[in-house]
Protein chains: 2
Amino acid sequence: MGTQMTEMLKGTLEGIVLSIVARRAGYGYEITASLREQGFVDIAEGTVYAVLVRIEQRGLVDVTRVASDKGPPRKVYAMNALGREELDRFWTTWTFLSDRLIRLHEEERSS
Amino acid sequence: MGTQMTEMLKGTLEGIVLSIVARRAGYGYEITASLREQGFVDIAEGTVYAVLVRIEQRGLVDVTRVASDKGPPRKVYAMNALGREELDRFWTTWTFLSDRLIRLHEEERSS
DNA sequence: TACCACTAAATAGTATCACTAAGTACCGCT
DNA sequence: AGCGGTACTTAGTGATACTATTTAGTGGTA
């Protein structure tokens with residue numbers, strides 16, 4: 001993947017995944033597919049699983065093993081209260097950064 | 001600084017600095033002050049200088065040493081053609097990511 | 001049976017980046 | 001001489017996404 005997007009995803013990918021899980025509980029393979037549908041075609045599976053392991057270890061999501069008729073058992077991730085707080089903080093941080101970037105972009109164009 | 005902002009700045013701080021330099025050539029200490037004025041009060045000096053070293057080594061900026069009557073000589077960074085291209089790519093990448101995050105945020109609120 | 005495709009998750013090793021913390025250097029003022 | 005402000009540098013750390021591979025389960029097919 002392009003280095004630029006790789007670096008930019010640091011710090012945002014976790015929020016993106018949390019946001020997806022917040023809308024609806026899901027498992028890794030499904031979340032990866034969801035990301036691809038949203039345009040993140042180059043995000044590797046392994047990357048998503050690493051994020052999921054991390055948010056699970058931090059207690060931001062609740063995990064349930066569910067049997068599948070199409071393959072190995074799925075680990076379904078559901079948002080909990082702690083994850084909700086983290087996601088709210090994520091949006092606050094992102095909005096702060098985004099506002100400043102928008103301003104910079106506008107100032108750059110008008111100079 | 002908060003871990004969240006630290007991680008989110010990865011990949012964007014370089015673009016922010018490039019954007020500042022694009023508007024007007026400047027030196028490290030000045031750019032750091034500019035960042036603080038724009039609300040990035042917690043970005044350490046060392047961090048900014050590291051970015052400047054990097055973009056210089058990548059040939060994205062032209063550097064001139066200018067004597068100062070208030071301290072050591074300044075290294076003034078000015079954007080060049082390569083830096084302009086990189087900055088354009090940065091905005092493209094950021095807009096892509098930002099669009100998707102905005103969509104996620106909206107969908108999250110309306111669900 | 002043997003092979004392949006798809007589903008599903010995990011892991012070891014690497015590169016990049018921002019941060020902390022400290023240091024060096026130059027100037028004017030008291 | 002000492003101090004605060006200006007200005008830049010550097011070594012070491014932690015967090016993150018990436019590459020590449022491995023392991024498992026199911027169903028279809030040559």
Side-chain angles (χ1 to χ4, degrees), chain A residues 1-18 25-36 40-58 60-61 63-77 86 90 93 97, chain B residues 1-18 25-36 40-58 60-61 63-77 86 90 93 97:
Chain A
M1 180 153 43
T3 308
Q4 220 172 29
M5 182 59 91
T6 293
E7 291 308 320
M8 220 178 280
L9 279 172
K10 291 183 181 177
T12 57
L13 182 56
E14 184 178 301
I16 290 168
V17 169
L18 279 175
Y27 55 98
Y29 197 80
E30 186 186 27
I31 291 165
T32 303
S34 172
L35 283 169
R36 296 204 201 285
F40 298 104
V41 288
D42 291 322
I43 294 183
E45 264 192 277
T47 301
V48 178
Y49 284 112
V51 172
L52 291 172
V53 165
R54 208 164 65 221
I55 63 178
E56 180 187 357
Q57 283 175 346
R58 287 193 195 154
L60 307 179
V61 286
V63 185
T64 320
R65 283 197 170 272
V66 178
S68 166
D69 55 347
K70 288 182 183 175
R74 298 164 175 166
K75 282 180 74 175
V76 175
Y77 296 85
E86 180 70 12
F90 168 79
T93 305
L97 186 58
Chain B
M1 181 152 42
T3 308
Q4 218 171 31
M5 182 59 90
T6 293
E7 292 308 320
M8 219 177 282
L9 279 172
K10 290 183 181 177
T12 57
L13 182 57
E14 185 179 300
I16 290 168
V17 170
L18 279 175
Y27 54 98
Y29 197 80
E30 188 186 26
I31 291 165
T32 303
S34 172
L35 282 169
R36 295 204 200 288
F40 298 104
V41 288
D42 291 322
I43 293 183
E45 261 192 279
T47 301
V48 179
Y49 284 111
V51 172
L52 292 172
V53 167
R54 208 165 64 222
I55 63 178
E56 180 187 356
Q57 284 176 346
R58 287 193 194 155
L60 307 179
V61 286
V63 185
T64 321
R65 285 196 169 272
V66 179
S68 165
D69 54 347
K70 289 181 182 175
R74 298 165 175 165
K75 282 180 75 175
V76 175
Y77 296 86
E86 179 71 11
F90 167 78
T93 306
L97 185 59

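Letters A, B, ... are given to chains in the order of the sequence lines, protein chains preceding strands, and every chain is numbered from 1.
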(message) Quick check: do Ile16(B) and Leu97(A) have side-chain heavy atoms less than 4.5 Å from each other?
(response)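 With C-beta onward as the side chain, the pair touches.
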(request) Only counting residues at least two apart or in another chain, list the ones meeting side-chain hydrogen bond (donor to acceptor under 3.5 Å, both in side chains) with Tyr29(B). (result)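 Tyr29(B): no side-chain hydrogen bond (donor to acceptor under 3.5 Å, both in side chains) contacts found.
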(request) Sequence neighbours left out, what passes side-chain hydrogen bond (donor to acceptor under 3.5 Å, both in side chains) with Ser34(B)? Give chain and number order. (result)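 Ser34(B): side-chain hydrogen bond (donor to acceptor under 3.5 Å, both in side chains) contacts with Gln38(B).
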In whole Å, what is the span from the [atom1] atom of [X] to the [atom2] atom of [N]?
{"X": "Phe90(B)", "N": "dC17(C)", "atom1": "CZ", "atom2": "C1'", "answer": "14 Å"}
{"X": "Leu13(B)", "N": "dT16(C)", "atom1": "CG", "atom2": "C1'", "answer": "13 Å"}
{"X": "Leu18(B)", "N": "dC17(C)", "atom1": "CG", "atom2": "C1'", "answer": "15 Å"}
{"X": "Glu30(A)", "N": "dA9(C)", "atom1": "CD", "atom2": "C1'", "answer": "14 Å"}
{"X": "Leu9(A)", "N": "dC17(C)", "atom1": "CG", "atom2": "P", "answer": "14 Å"}
{"X": "Glu45(A)", "N": "dA8(C)", "atom1": "CD", "atom2": "P", "answer": "10 Å"}
{"X": "Arg54(B)", "N": "dA18(C)", "atom1": "CZ", "atom2": "C1'", "answer": "8 Å"}
{"X": "Lys75(A)", "N": "dT11(C)", "atom1": "NZ", "atom2": "C1'", "answer": "13 Å"}

(message) Strictly by side chain to side chain donor-acceptor pair (under 3.5 Å), give each pair with a member in residues 48-58 of chain A just once, sequence neighbours left out.
(response)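 Sorted result for residues 48-58 of chain A: Glu14(A)-Arg54(A), Glu14(A)-Arg58(A), Glu56(A)-Lys75(A).
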(request) Mind checking side chain to side chain contact (heavy atoms under 4.5 Å, CB included) for Ala25(A) and listing every partner two or more places apart, or none if nothing turns up? (result)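 For Ala25(A), the residues satisfying side chain to side chain contact (heavy atoms under 4.5 Å, CB included) (neighbours in sequence not counted) are Val76(A), Ala78(A).
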(request) Begin from the C-alpha positions of Met5(B) and Asp42(B) and carry the test side chain to side chain contact (heavy atoms under 4.5 Å, CB included) through to its verdict. (result) CA-CA 10 Å; Met5(B) 182 59 90; Asp42(B) 291 322; over 6 Å; no
(message) Distance criterion of 3.5 Å, no angle test: do you see the side chain of Lys10(A) paired donor-to-acceptor with the base of dT16(C)?
(response)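 Yes, the side chain and the base share a sub-3.5 Å donor-acceptor pair.
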(request) Please report the shortest heavy-atom distance between Glu7(B) and Gly11(A), naming the atom on each side. (result)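 Heavy atoms of Glu7(B) and Gly11(A) come nearest at CB-CA, 3.6 Å.
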(request) Mind listing the closest non-hydrogen atom pair of Tyr27(B) and Tyr77(B) along with its distance? (result)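 That would be CA-CD1, 4.4 Å.
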(message) Once you apply a heavy-atom cut-off of 4.0 Å, does Val51(B) come out as touching a base, just sugar-phosphate, or nothing?
(response)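 The answer is sugar-phosphate, as Val51(B) gets under 4.0 Å only of primed atoms, P, OP1 or OP2.
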(request) Would you mind building the protein contact string for nucleotides 20-30 of chain C? One character per nucleotide, 5' to 3', B for base within reach (heavy atoms under 4.0 Å), S for sugar-phosphate only, - for untouched. (result) B----BBS---
(request) For the side chain of Arg74(A), starting at C-beta, report the closest nucleotide among dA10(C), dT7(C), dA18(C). (result)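 Nucleotide nearest to Arg74(A)'s side chain: dT7(C).
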(request) Heavy atoms of chain B, cut-off under 4.0 Å: which first and last nucleotide of DNA chain D, 5' to 3', fall inside that, if you could look? (result)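 Nucleotide range in contact with chain B: dG5(D) to dT16(D).
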(request) On DNA chain C, check which nucleotide each of Glu56(A) and Ala50(B) is closest to and give me the residue with the more 5' one. (result)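 Nearest nucleotide further toward 5': that of Glu56(A).
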(request) Check step by step if side chain to side chain contact (heavy atoms under 4.5 Å, CB included) holds for Ile43(B) and Leu9(B). (result) CA-CA 10 Å; Ile43(B) 293 183; Leu9(B) 279 172; 3.9 Å; yes
